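Okay, structure first, notes after.
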Number of protein chains: 4
Amino acid sequence: MKRNQVRNQIVETASRLFYKQGYNATGVNQIIEEAGVAKASLYQHFHSKEDLLVEYLTIKGTETDNALRAVADSHREPKGKVLAIFDFLASLMGQQEYYGCNFLNISSEIPTGTPRLTELVKKQKDNVRAMFREILKPVHKEKLADELYMLFDAALITNKVHGDAWPVKTARKMAEKIL
Amino acid sequence: MKRNQVRNQIVETASRLFYKQGYNATGVNQIIEEAGVAKASLYQHFHSKEDLLVEYLTIKGTETDNALRAVADSHREPKGKVLAIFDFLASLMGQQEYYGCNFLNISSEIPTGTPRLTELVKKQKDNVRAMFREILKPVHKEKLADELYMLFDAALITNKVHGDAWPVKTARKMAEKIL
Amino acid sequence: MKRNQVRNQIVETASRLFYKQGYNATGVNQIIEEAGVAKASLYQHFHSKEDLLVEYLTIKGTETDNALRAVADSHREPKGKVLAIFDFLASLMGQQEYYGCNFLNISSEIPTGTPRLTELVKKQKDNVRAMFREILKPVHKEKLADELYMLFDAALITNKVHGDAWPVKTARKMAEKIL
Amino acid sequence: MKRNQVRNQIVETASRLFYKQGYNATGVNQIIEEAGVAKASLYQHFHSKEDLLVEYLTIKGTETDNALRAVADSHREPKGKVLAIFDFLASLMGQQEYYGCNFLNISSEIPTGTPRLTELVKKQKDNVRAMFREILKPVHKEKLADELYMLFDAALITNKVHGDAWPVKTARKMAEKIL
DNA sequence: TATGAATGAGAGTTCATTCAT
DNA sequence: AATGAATGAACTCTCATTCAT
């Protein structure tokens, strides 16, 4: 297997398992087994399991940023962009393999005292805040950005807790009201 | 060690460690060592580490319910009650040993397929929703209860992510607006 | 509960479990739970789990002796007595709750270096040898006693291994031939 | 430690201890300590202690088959082959480190409900039965095979119980008579 | 005498990581 | 560069027994 194929297999498998099962519940043995690579190969590409988690969060961060911006770009008016984002969340939550927000899930699972991980999560969420600010800039409502971001995370976390669609609907309604 | 202090020691120590370090990061060995009891004593009182987690969540659930209701009871008007709750959150978050919401922390850490744990978290959050409904009943604004609850959880989770006081302030402001 | 009731409950429960599950596979917790007595009560009547095993073997030894002699007594001729014993074995093996010979089962399970236990088993088997000698005395064939005893144990052990009725039939046939 | 010596060390040590002390009385800690390997190394080669028992029984099964057939092959006449087998048993039982039949010892120790283990023992004993049938085929006395097998196991089990040489002598005599 | 909590020691198993090939 | 066996440390849980009440 080519070097890059090996690395890709590892990252893809780890990402899938970290998301579905959680970081702690996923062992390196399961990763290498399902990825079909040797154990030492994993440690040649990543110094530790934690490094693999960083890679996972970084990739998902970029993917999420792009996805959200694509959704926003598909609408012209700020309000439409914002509401489309909540609709996007709703559609995500309806998917079969949805297990919650990649970043919030990890956030509670990682041990305290690992700044680079907590920073990664924070940075990702700051990107969301920045996105809302950009969206609201044309209509001079940047100060509402953090409120929308909080509704965004509220939708994610309460959907996770209650396993139901009502939170994102409520969040959308609240967003609509404050705009 | 004294008979009925053993159980208390176990529960108190486990609660402290589960909260500070997380459930997975806390081993029974650490619990018994810091509690100063024998390992078999722990398993005399709790069939498994998971049972100990249930006890922890149950106790914290009751404590949290009581604390929130006490805060609400200290004000007369619904709006005052609600705002006091967000002020209470802010004061909690300012404490030295605050590590986030007991229940949201556990929520992302427990493996799927443990319904009694997910149910415990959900039930606790439903208590908060019910509390807001009760508070708003006199002014016939019960339909805002879930919105306030979402701001409540939004404050908790975004404070956790950002390690800062701004989220709870923003949440409070939003609550004030919608009331 | 009266003292003797407690002791009886313990002995009966332990006997049942030792026989069905084996000595090692039966824990004192299971015994006291199913017997409905306190743990310390068990240790008041028996200094150790091993002592309980001794009691079990002693009781079963007497019961087995009596049962075999009763079977032998029900026939007049030595040959009839012997064949009746093998028929008795066959009927035992056909029972629902038959799990093999109490003594041979224990024999392989007990750690070496416990003379009092190995002696108990040996003594029980010597009783069987003596019984066959007594039976054969009237016809002056005492020297066949050990041969019959070996067929007796052969039937027990091979029935255990093969889980089938053929061994005892074969043993009976062999006994008939040598008489 | 050298790569492929680890597995050998584990198997040899476990075999020695399982035979001498029994399966239940032998812990994985003792095995790895006496084998001089790490605990995780044991579990790299065997998924469980029970798997190690299967390996032990399988190896001893082959060894026993070979040894018995070698003994039989050293004689020309069926009767000579059979008696040589009983002489072989007698010589085994005279050895310093003889603790009984590997298979009968395990038979009573393993919990019911582990078919692969009971089947292994049964299969080994069926090999003995088949061997006797083969030996007796040339003289058309195959129907005596199971009788000889029963004397074979009778010798093993009663030697174990009585710790004496008389059973195998008696079994040999009986074999001689029926042939 | 009867109790049930408390215990030290050890059970079997799995973890993330490293090393020799 | 790629491998798979080897590893120390830690895991959750259970054992037979004893002690305080």
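By convention in this document, chain letters (A, B, ...) are assigned in the order of the sequence lines, proteins followed by strands, and residues within each chain are numbered from 1. This one's a predicted model, so the numbers in the text were calculated from it and none came from an experiment. Because only heavy atoms are used, hydrogens play no part in the values below, and waters and symmetry mates are left out as well, while side chains stay in.
Rounded to whole Å, the distance from CD on C/E33 to P on E/dG4 is 12 Å. Remark: P of E/dA5 and CG of B/N8 are 14 Å apart, rounded to the nearest angstrom. We find that CD1 of A/I32 is positioned 13 Å from C1' of F/dA2, with the value rounded to whole Å. Note: CD (A/Q5) to P (F/dA1) measures 17 Å, nearest angstrom.
Residues C/Q30 and C/E34 bring a donor and an acceptor atom of their side chains to less than 3.5 Å of each other.
DNA chain E contains the following stems of three or more consecutive Watson-Crick or G-U pairs, with both distances under 3.5 Å: E:2-21 with F:2-21.
Residues passing the ring-ring contact (aromatic ring centres under 6.0 Å, His included) test with A/Y99, sequence neighbours excluded: A/Y19. In this structure, the salt bridge (Lys or Arg N to Asp or Glu O under 4.0 Å) partners of C/K125, at least two apart in sequence or on a different chain, are C/D153. By the side-chain hydrogen bond (donor to acceptor under 3.5 Å, both in side chains) test, D/T26 is found to be paired with D/Q21, residues two or more places apart in sequence or in another chain being considered. Taking B/S41 as the reference, nothing meets the side-chain hydrogen bond (donor to acceptor under 3.5 Å, both in side chains) condition, with sequence neighbours excluded. Among residues two or more places apart in sequence or in another chain, the side-chain hydrogen bond (donor to acceptor under 3.5 Å, both in side chains) test is passed with C/N29 by C/K39. For B/E33, there are no salt bridge (Lys or Arg N to Asp or Glu O under 4.0 Å) partners at least two apart in sequence or on another chain. The salt bridge (Lys or Arg N to Asp or Glu O under 4.0 Å) search around B/R116 returns B/E50, B/D51, not counting sequence neighbours. By the salt bridge (Lys or Arg N to Asp or Glu O under 4.0 Å) test, A/E12 pairs with no residue at all, sequence neighbours left out.
Residues in residues 54-64 of chain C take part in these side-chain hydrogen bond (donor to acceptor under 3.5 Å, both in side chains) pairs, two or more places apart or across chains: C/R7-C/E55, C/Y56-C/N102, C/K60-C/E63.
Within residues 12-31 of chain B, no residue has any heavy atom under 4.0 Å from DNA chain E. Interface residues of residues 39-55 of chain A facing DNA chain E, ordered by number: A/K39, A/A40, A/Y43, A/S48, A/K49; criterion, heavy-atom separation under 4.0 Å.
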